[in-house]
Amino acid sequence: MIANPLAPAWLQPPADANLLPVTVWSHNAARAASGMLEVAGVAASALAAEFGTPLYVVDEEDVRARALEARECFDREFALVGSAAKVYYACKAFMSAEVARWVTEAGLYIDVCSSGELAVALAAGVDPSRIGLHGNNKSLAEIDRAVRSGVGVLVVDSLIEIERIADAASRHSRVQPVRLRLNSGVHAHTHEYLATAREDQKFGITIADAPAAVARIRSSASLRFLGLHSHIGSQIFESEGFVESAKRLLALHAELLSGGEIPELNLGGGFGIAYTSVDTAVPISVIAARFAAIVASECARLSIPVPVVAVEPGRSIIGPSTFTLYEVGTIKDVEVTLPNEATAIRRYVSVDGGMSDNIRTALYAADYSVRLANRASTAEPALVRVAGKHCESGDIVVLADYLPGDVEPGDLLAVPATGAYCWAMANNYNYLARPAVVAVRNGVARLIVRGETEADLLSRDAGIRSTGVTEAISVTEQGAP
Ligand code: LLP
């Protein structure tokens, strides 16, 4: 088959548009003999029938396995260099009480960055001492709540916060462990908006300001300095940025040891995942080994003990576990004029969700892939663009992929690798209700976050006095054409 000239260079027409590349799909996603997409033994059509579409479908065992593997790899590699590791789950990627339990049962800590995320973690029964709180602008109330709840560590993001945390700690008669977040100046190779350790950005304090900040923390009887922190960005595949940031942090760490103990070093998260078949994620075992090697060799060079190393991945724990299930509503072939004046057809396949359930494509030009979910097909693949139902031309879920050419209204589509930063960044644009999240395990599907209803949305409008919305339709119906 000849590539559609509108396809990006990396996207080749597939020999079989029904295949589910294992690098992109969760461990328990497979095609049944009938051609139906199944996850952990539950058919996509059954999920759509029971819970409606759009729907986030989480492969529970996949999340548990990735969490466990991350912890075991970091434990093993840092034990080999005479130290230990702590793996935090950065729950900004996706948070619910169930997921908090799965990852903590796997031995992970939880990194929260707002009072809301903290509330879910506490409500899920997470041991507060295993929670860390981030944020470049924590409110006084957030700081107070975290300290009062016994949160294990707060990450100081600016000089002004040192007094605020110290005040809260003394008010609650606590000695609060804190980390100091640095803007190390390292630029991770990633999308500009995702690179968080460059100089011209809002997070952390500079290396030059750090010694005075640490001295101030150490002089406070209500604070305990746990160590330095850096997070260089997100969706990173190369290791150079992590190596450079570890070197810069350890040089400072060594210098600061003259003023007292520093038990830990936090190197952040940001490990990339595969969104399409051309992405190759670095296995977590390799990442852990690289981290241990660089930290151990730098510590040896500096003649200092290897600290306990903390990391805080979000995307790589939850991202690959989930696909979003949509129903196709309309299909349009659009003739596009190419630079050489020839024309090509782009097939717009519109689904019942869009930038309200996955804003990453519109926001970052993120690439995703798509598969027909309710059946397999031998029809010749056609280049498609999966669009949403919002009133905005940038409302695209999948910029480019090939689907069997007989895709039709009523078919179900599944977009994999939507576990991270999709539900978490979902919104109500055009008054669409945010979809439900369903966990599937051992042939059983259960709701872990219910979807919003139209009544939920209307209940927030203070100008609506009666409850008499007589024609409210269900979320399932909302998606239908
Ligand atoms: N630690 C800190 C301090 C962070 O700011 C983040 C992510 C993480 C850990 C987890 O990073 P991960 O392992 O998930 O890459 N909305 C963007 C991603 C923003 C990431 C923000 N911070 C996206 O959809 O790609």
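First listed ligand is number 1; within each ligand, the first listed atom is number 1. Along the sequence shown, the residues carry numbers beginning at 1.
- Side-chain contact between Phe242 and Ile294: absent, with no pair of heavy atoms (C-beta onward) separated by less than 4.5 Å.
- Taking any N or O of Gly314, backbone or side chain, at least one lies under 3.5 Å from an N or O belonging to ligand 1.
- Interface atoms of ligand 1 facing Arg360, defined by a heavy-atom separation under 4.0 Å, are 23 (C), 24 (O), 25 (O).
- Ionic pairing of Arg371 and Asp401 is present here: one or more N-O contacts between side-chain nitrogen and carboxylate oxygen are shorter than 4.0 angstrom.
- Here's the thing with Gly270: one of its N/O atoms is less than 3.5 angstrom from an N/O atom of ligand 1.
- Ionic pairing of Arg66 and Asp62 is present here: one or more N-O contacts between side-chain nitrogen and carboxylate oxygen are shorter than 4.0 angstrom.
- Note on ligand 1: Ala420 sits outside its first shell, no heavy atom being nearer than 4.0 Å.
- Shown in contact with Pro313 at under 4.0 Å from a heavy atom are these atoms of ligand 1, numbered in order with element: 13 (O).
- Looking at ligand 1, you won't find any N or O of Ser316 less than 3.5 Å from one of its N or O atoms.
- Comparing heavy-atom distances from atom 18 (C) of ligand 1 across Lys92, Arg181, Arg315 singles out Arg315 as nearest.
- Residue-ligand proximity, Glu312 to ligand 1, at heavy-atom distances under 4.0 Å covers atoms 1 (N), 2 (C), 3 (C), 8 (C), 9 (C), 10 (C).
- At least one heavy atom of Tyr364 lies less than 4.0 angstrom from ligand 1.
- Counting heavy atoms from C-beta on, the side chains of Ser184 and Leu249 come closer than 4.5 Å.
- Within the 4.5 Å cutoff, the side chain of Asp456 has heavy atoms near those of the Arg450 side chain.
- In summary, Arg290 and Glu77 do not engage in a salt bridge, as defined by a charged side-chain N under 4.0 Å from a carboxylate O.
- A salt bridge links Arg446 to Glu60: at least one charged side-chain nitrogen sits closer than 4.0 Å to a carboxylate oxygen.
- The distance from ligand 1 to the heavy atoms of Ala90 drops below 4.0 Å at these ligand atoms: 8 (C), 9 (C), 10 (C).
- Contacts between Asp111 and ligand 1 below 4.0 angstrom, taking non-hydrogen atoms only, involve the side chain exclusively.
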